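One structure below.
Remember, predicted model here, so these are calculated numbers, not experimental data. Both ligands and their constituent atoms are indexed starting at 1 by order of listing.
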Amino acid sequence: MDPENVLLLLPEGLESWGVLAKRTGLGLTELREALLVLRGQGFPVVIKEEGAGLALGTPAPQILLPLLRGKYGRAYRYFGVVTSTQDLLRAWQDAPIGAVVLAESQTQGRGRRGRVWESPQGNLYFSGLLENTGDQLLSLRAGLALAEATQAGLLKWPNDLLAPDGRKLGGVLIETENERAFLGVGLNVHVAPIPNSAALAEFRQVHRAQLLADFLWFLEKWLEKDNAAILAAWSERNVTLGREIAVWTGKETIVGVAISLGSKGELLVRTEKGMRAVLAGDVSLLRMAYDVKVSAGATAVGGRQNDDRSHCVRARATSLNFSEVGLRFDNAGRSSCADLRKVPPQWGSRTSDRVRQLGHGRKGNPGSPCQKDFHPRGP
Ligand code: BTN
């Protein structure tokens with residue numbers, strides 16, 4: 001039996017050697033060899049004395065498919081290492097709409113504007129096939145699905161997913177070719193690959209296959225919604241509007257305050273010279289302010305991001321009794337309490353809840369199970 005077929009018979013978590021040998025019809029030596037080959041191909045196979053299997057949350061087909069709720073992801077190709085899932089999806093000529101290609105790592109992952117997307121093992125890298133309808137809000141729809149599936153992120157225009165302290169958790173790349181659109185998603189789940197990036201597992205427990213299934217389900221839902229609903233939902237969930245920003249359009253940098261979204265999803269920026277509409281670009285948040293509800297003794301976490309460098313700041317509330325404060329960070333990194341009435345409404349209690357959750361799931365918490373669910377190299 002080919003290692004590829006053995007892969008499809010592996011359970012999530014450990015199973016005894018005896019059961020595995022019976023299921024695959026292989027002898028113990030052959031079985032162990034097949035597992036080592038699979039691990040060498042980049043699949044998260046766990047091999048132990050007592051048995052073997054796939055690391056918890058592995059998005060192998062037999063684990064993902066039972067978790068799917070909608071149409072997307074039912075045509076599915078799962079790889080260890082690829083150049084870019086975008087390329088593999090493009091090459092899949094008869095892929096139906098909703099088909100998904102996922103890889104455990106990529107050697108030539110690409111991000112928006114020709115950037116490299118670092119793709120080590122432990123995260124999610126996948127591409128989904130959509131109809132190219134010319135939908136100008138597609139990128140916002142994808143961002144909303146990402147934020148909803150992760151339950152931990154905030155959106156920076158157009159679809160960057162940020163951690164509460166401004167570090168990047170994930171992003172979406174949309175490429176088109178005739179009537180096909182390739183929606184690529186990179187989400188840092190267990191590994192923050194570059195400075196100023198964060199991993200979702202720092203904030204919550206994550207099961208990668210469940211996360212993928214949730215994303216595909218929410219994407220399907222957001223694709224059905226009308227434009228007004230998308231613009232309203234995005235405006236509620238973002239960290240761009242109301243902020244001082246700099247947008248690099250590829251030709252110029254526009255500096256001003258992000259005011260709202262236009263009907264095509266463009267960012268309307270008030271500059272010194274008047275209003276500008278930005279259709280595509282990279283936003284840097286020049287100042288970030290976090291409003292957090294903190295109870296006495298609780299730790300609040302905030303941060304600032306300036307010119308793409310973010311700094312985490314922790315503040316301890318000692319004498320507050322469920323009062324509301326806004327932690328502001330100026331350009332020199334100084335923090336101060338701010339009057340909440342000056343903080344835009346989108347930083348409401350949902351942010352506060354997320355900040356509170358953060359206190360329980362941070363990296364370094366010795367009992368945090370999310371740190372344990374991926375073992376790329378096994379024991
Ligand atoms: C961004 O720049 O924020 C978007 C990053 C998108 C990366 C994903 S990973 C899966 C897919 N394959 C790629 O090569 N890129 C996208």
Side-chain angles (χ1 to χ4, degrees), residues 42 59 64 72-73 76-92 95 98-130 138-147 149-150 153-163 166-177 180-200 206 208-209 211-212 215-216 219 234 238-240 245 247-250 265 267 280-285 305 308 310:
L64 174 71
Y72 291 2
Y76 182 57
R77 290 188 177 173
Y78 172 60
F79 296 93
V81 186
V82 300
T83 50
S84 158
T85 56
Q86 293 288 92
D87 295 337
L88 271 93
L89 185 57
R90 277 170 186 267
W92 184 356
V100 171
V101 171
L102 181 142
E104 290 291 349
S105 65
Q106 303 181 115
T107 54
Q108 290 168 41
R110 53 182 182 266
R112 291 172 58 232
R113 303 189 156 264
R115 280 187 293 256
V116 169
W117 188 260
E118 295 294 340
S119 311
Q121 286 178 319
N123 295 331
L124 279 175
Y125 312 106
F126 60 92
S127 299
L129 183 65
L130 303 178
L138 179 55
S139 138
L140 301 184
R141 293 177 200 277
L144 281 166
L146 203 52
T150 54
L154 297 160
L155 291 168
K156 188 179 78 163
W157 188 84
N159 54 29
D160 275 356
L161 188 73
L162 302 186
R167 288 176 296 148
K168 184 157 167 168
L169 283 169
V172 176
L173 170 73
I174 298 169
E175 297 173 333
T176 56
E177 189 182 75
R180 306 202 303 166
F182 308 97
L183 182 97
V185 177
L187 190 55
N188 302 331
V189 178
H190 293 284
V191 182
I194 56 168
N196 200 22
S197 61
L200 202 52
V206 198
R208 289 188 305 144
L211 185 57
L212 171 60
F215 172 82
L216 295 172
L219 179 65
W234 191 93
N238 80 95
V239 282
T240 313
I245 59 159
V247 200
W248 169 241
T249 65
L267 190 61
D282 275 332
V283 169
S284 295
L285 303 172
Q305 181 165 327
D308 283 341
S310 77

Exercise: identify the closest heavy-atom pair between [X] and [Y]:
{"X": "Val82", "Y": "Leu88", "result": "CB-CD1, 3.6 Å"}
{"X": "Leu216", "Y": "Tyr72", "result": "CD1-O, 3.8 Å"}
{"X": "Asn188", "Y": "Ser197", "result": "ND2-CB, 3.7 Å"}

Handout entry: Sequence-distant partners of Arg180, side-chain hydrogen bond (donor to acceptor under 3.5 Å, both in side chains), two or more places apart
Key = none
Practice task
Check for a donor-acceptor pair, side chain of Ser127 on one end and backbone N or O of Gln86 on the other, with a separation under 3.5 Å.
Solution key: yes
Give every pair formed by an N or O atom of ligand 1 and a protein N or O atom closer than 3.5 Å, one pair per line with both atom names and the distance to 0.1 Å, or write none.
| unit_1 | atom_1 | unit_2 | atom_2 | d |
| --- | --- | --- | --- | --- |
| ligand 1 | 2 (O) | Arg112 | N | 2.7 |
| ligand 1 | 3 (O) | Lys168 | NZ | 2.7 |
| ligand 1 | 12 (N) | Thr85 | OG1 | 3.1 |
| ligand 1 | 12 (N) | Gln106 | OE1 | 2.9 |
| ligand 1 | 14 (O) | Ser84 | OG | 2.8 |
| ligand 1 | 14 (O) | Arg110 | N | 2.8 |
| ligand 1 | 15 (N) | Arg110 | O | 2.7 |

Practice task
For Ser84 and Gln108, run side-chain hydrogen bond (donor to acceptor under 3.5 Å, both in side chains): C-alpha distance rounded to whole Å, both residues' side-chain angles, the deciding distance at 0.1 Å, then the answer.
Solution key: CA-CA 6 Å; Ser84 158; Gln108 290 168 41; over 6 Å; no
